[in-house]
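Within every chain, numbering begins at 1; the chains are lettered A, B, ... in the order of the sequence lines, protein sequences first and strands thereafter. These numbers come from the heavy atoms of this one structure, side chains and all, not from hydrogens, waters or symmetry mates.
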There are 2 protein chains.
Amino acid sequence: MSIKYKDISNRLEEEILQGIYDKGDKLPTEEKLAARHGVSRNTIRKALEILVRKGLIISIQGSGVFLRHATPQGALNLEDFNGLTESFSGQEVTSEVLELKLIRADEKLSLAMGCRLGAPIYFVKRMRRIDGVPYVVEYAYHNQEHIPYLDEKIAAGSIFRYIREELGKEIGYLDREISAAKLGEEDARLLGLQAGDPALISTNRGFLKNGEIFDYSVDIHHYQTTRFLKLSDYR
Amino acid sequence: MSIKYKDISNRLEEEILQGIYDKGDKLPTEEKLAARHGVSRNTIRKALEILVRKGLIISIQGSGVFLRHATPQGALNLEDFNGLTESFSGQEVTSEVLELKLIRADEKLSLAMGCRLGAPIYFVKRMRRIDGVPYVVEYAYHNQEHIPYLDEKIAAGSIFRYIREELGKEIGYLDREISAAKLGEEDARLLGLQAGDPALISTNRGFLKNGEIFDYSVDIHHYQTTRFLKLSDYR
DNA sequence: AAGTGGTCTAGACCACAAG
DNA sequence: TTGTGGTCTAGACCACTTC
């Protein structure tokens, strides 16, 4: 389990973030990268494609591959989903578990999660801060059939990392629906805002590689501190 | 100018939307699709990849390619930006041009658009409705060096289509930053809401294939009618 | 004319699912 | 064991930019 284009993409990303290519703002040609990493040009192109989607580089036909270093600070890249903990490495991400219990899926939940009525589901409510500043209130539902065990200690960290590294499950797809609404009393209090203030909301569904839904969550973001980023090539 | 994987992707998309594959929810194997369209398997995979990104299908290794038909109604797919006119085909999209003038780029604008200070820029303010319901107030800036001419008639239609089809320019990348804020008086009035109500905001930058910015815009969306969708495979 | 990214092929082998 | 998608290769030719 070591995929060349992913490895190379990660290596190039590190090099870019370290500023190795900053002079001239231009990466080596695809051919040179292929030779340097000992792979075919197609494999290099798959690696570069990921970085294009992440917004680190931009390819111009006939001209070359250029750095973008335009990524706004502090915005959450929708393409880059490892959870907050990884997205804000360098800053202190804390998660306060406000509630954690095992419930049964009612009709609405079983529909949202594609599970049977009455299936056991972990419900986790968390308050997450970045460098101490309120960032998001999360309401998450995890299917116990896929995540057999969860406690406060795990929930206080990165649940995504737990799933990948501890449970060894592979995440396949992640869907997000982004909307705005007025804050309710409770969420407003948690975020240090007023009821009726705007909220930036992300409603998420996580799929394992085999297509099963392991996670359904609603994230109520602080509207003054969260921005989402979507950088895309045109198709 | 006819790219096989794009053509095939469009054809498959039409077939999916027509419901041709609904029985069994499964597409033919990649090999069969390759044979049917007379192309290599890699080309079919590129075509399918686009549909995965658009959220129409989901690939499961070892199992097959399945329909999703889970796309929420009325949400704007962030992967699928041909502008409102194309995204809401079937419904009536109207654009009322509230203002259109040629201005000079000030410092802030020249920075946002990557153009020189004093460059001529079209400013367009539009109110867009879907089936008569207020949907978004758009503030758009177009670099005249790339879009030499613009009038009310053009602005009342799809500016993106105008650029592609009339000017023959190729769009390369599109960046969007999504946030929430409180509505100001003017925008609230236009959207039929109250000042201080939430707004769902998309701030956009459009790049031509050669990397130049042709468009910078801020879209103030009605928070009760707009949702954005981001369906992604995990990398 | 030369350099560089974009499209496409034909085929090999691997990883996972289903019978 | 067989079917199916995932990764990878080596090479060809095209489209666009740069010189």
Side-chain angles (χ1 to χ4, degrees), chain A residues 1-10 12 21 24-53 56-68 168-173 207-212 233-235, chain B residues 1-10 12 21 24-53 56-68 168-173 207-212 233-235:
Chain A
M1 154 63 214
S2 142
I3 290 161
K4 290 187 187 178
Y5 73 85
K6 288 184 183 174
D7 290 347
I8 293 172
S9 178
N10 289 333
L12 288 173
Y21 302 112
D25 283 359
K26 195 173 171 182
L27 261 62
T29 67
E30 295 180 346
E31 207 164 356
K32 280 178 187 161
L33 286 172
R36 175 182 305 175
H37 290 89
V39 298
S40 73
R41 196 180 141 219
N42 276 337
T43 299
I44 287 293
R45 283 180 60 77
K46 285 199 78 168
L48 291 176
E49 203 191 323
I50 294 175
L51 301 182
V52 166
R53 300 242 300 275
L56 277 87
I57 58 173
I58 184 169
S59 295
I60 309 289
Q61 184 172 9
S63 186
V65 179
F66 300 85
L67 296 188
R68 281 187 91 173
K169 305 237 180 188
E170 294 225 56
I171 298 168
Y173 296 89
F207 296 77
L208 296 175
K209 267 206 169 174
N210 63 11
E212 293 175 305
D233 45 348
Y234 196 77
R235 314 238 165 185
Chain B
M1 155 59 215
S2 145
I3 290 161
K4 289 187 187 177
Y5 73 84
K6 288 184 183 175
D7 290 347
I8 293 171
S9 179
N10 289 333
L12 288 173
Y21 302 111
D25 282 358
K26 197 174 171 181
L27 260 61
T29 67
E30 295 180 346
E31 207 163 358
K32 281 177 188 162
L33 286 172
R36 174 181 307 177
H37 291 88
V39 298
S40 74
R41 196 180 142 220
N42 277 335
T43 298
I44 286 294
R45 283 179 61 75
K46 285 200 79 169
L48 291 175
E49 203 191 323
I50 293 174
L51 300 181
V52 167
R53 299 242 300 276
L56 277 86
I57 57 174
I58 184 169
S59 295
I60 310 288
Q61 184 173 10
S63 187
V65 179
F66 300 86
L67 296 188
R68 281 187 92 174
K169 304 237 180 190
E170 294 225 57
I171 298 168
Y173 295 90
F207 297 77
L208 296 175
K209 267 206 168 170
N210 64 9
E212 293 174 304
D233 45 347
Y234 196 78
R235 314 238 165 183

Problem set entry | Footprint string (nucleotides 5-12 of chain C, 5' to 3'): B base within contact, S backbone only, - free, heavy atoms under 4.0 Å | BBBBBBBB
Exercise. Which residues satisfy the side-chain hydrogen bond (donor to acceptor under 3.5 Å, both in side chains) test with A:Arg41, sequence neighbours excluded?
Worked result: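 side-chain hydrogen bond (donor to acceptor under 3.5 Å, both in side chains) check on A:Arg41 returns A:Glu30.
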What are the two closest heavy atoms between [X] and [Y], and how far apart are they?
{"X": "A:Val52", "Y": "A:Ser59", "result": "CG2-OG, 4.2 Å"}
{"X": "B:Leu33", "Y": "B:Pro28", "result": "CD1-O, 3.8 Å"}
{"X": "A:Asn210", "Y": "B:Ile60", "result": "C-CD1, 3.7 Å"}
{"X": "B:Ile58", "Y": "B:Leu67", "result": "CG2-O, 4.5 Å"}

For this session: Return the 5'-most residue of the pair B:Asn210, B:Lys32 with respect to DNA chain D, ranking by each residue's nearest nucleotide.
Result: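 Looking at the nearest nucleotide for each, B:Lys32 comes out on the 5' side.
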Exercise. Rounded to the Å, how far apart are B:Glu212 CD and D:dT17 C1'?
Worked result: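 One finds 13 Å between C1' of D:dT17 and CD of B:Glu212, rounded.
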Exercise. Given atom CZ of A:Phe66 and atom P of D:dC16, what is their separation to the nearest angstrom?
Worked result: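 So the two atoms are 17 Å apart, to the nearest Å.
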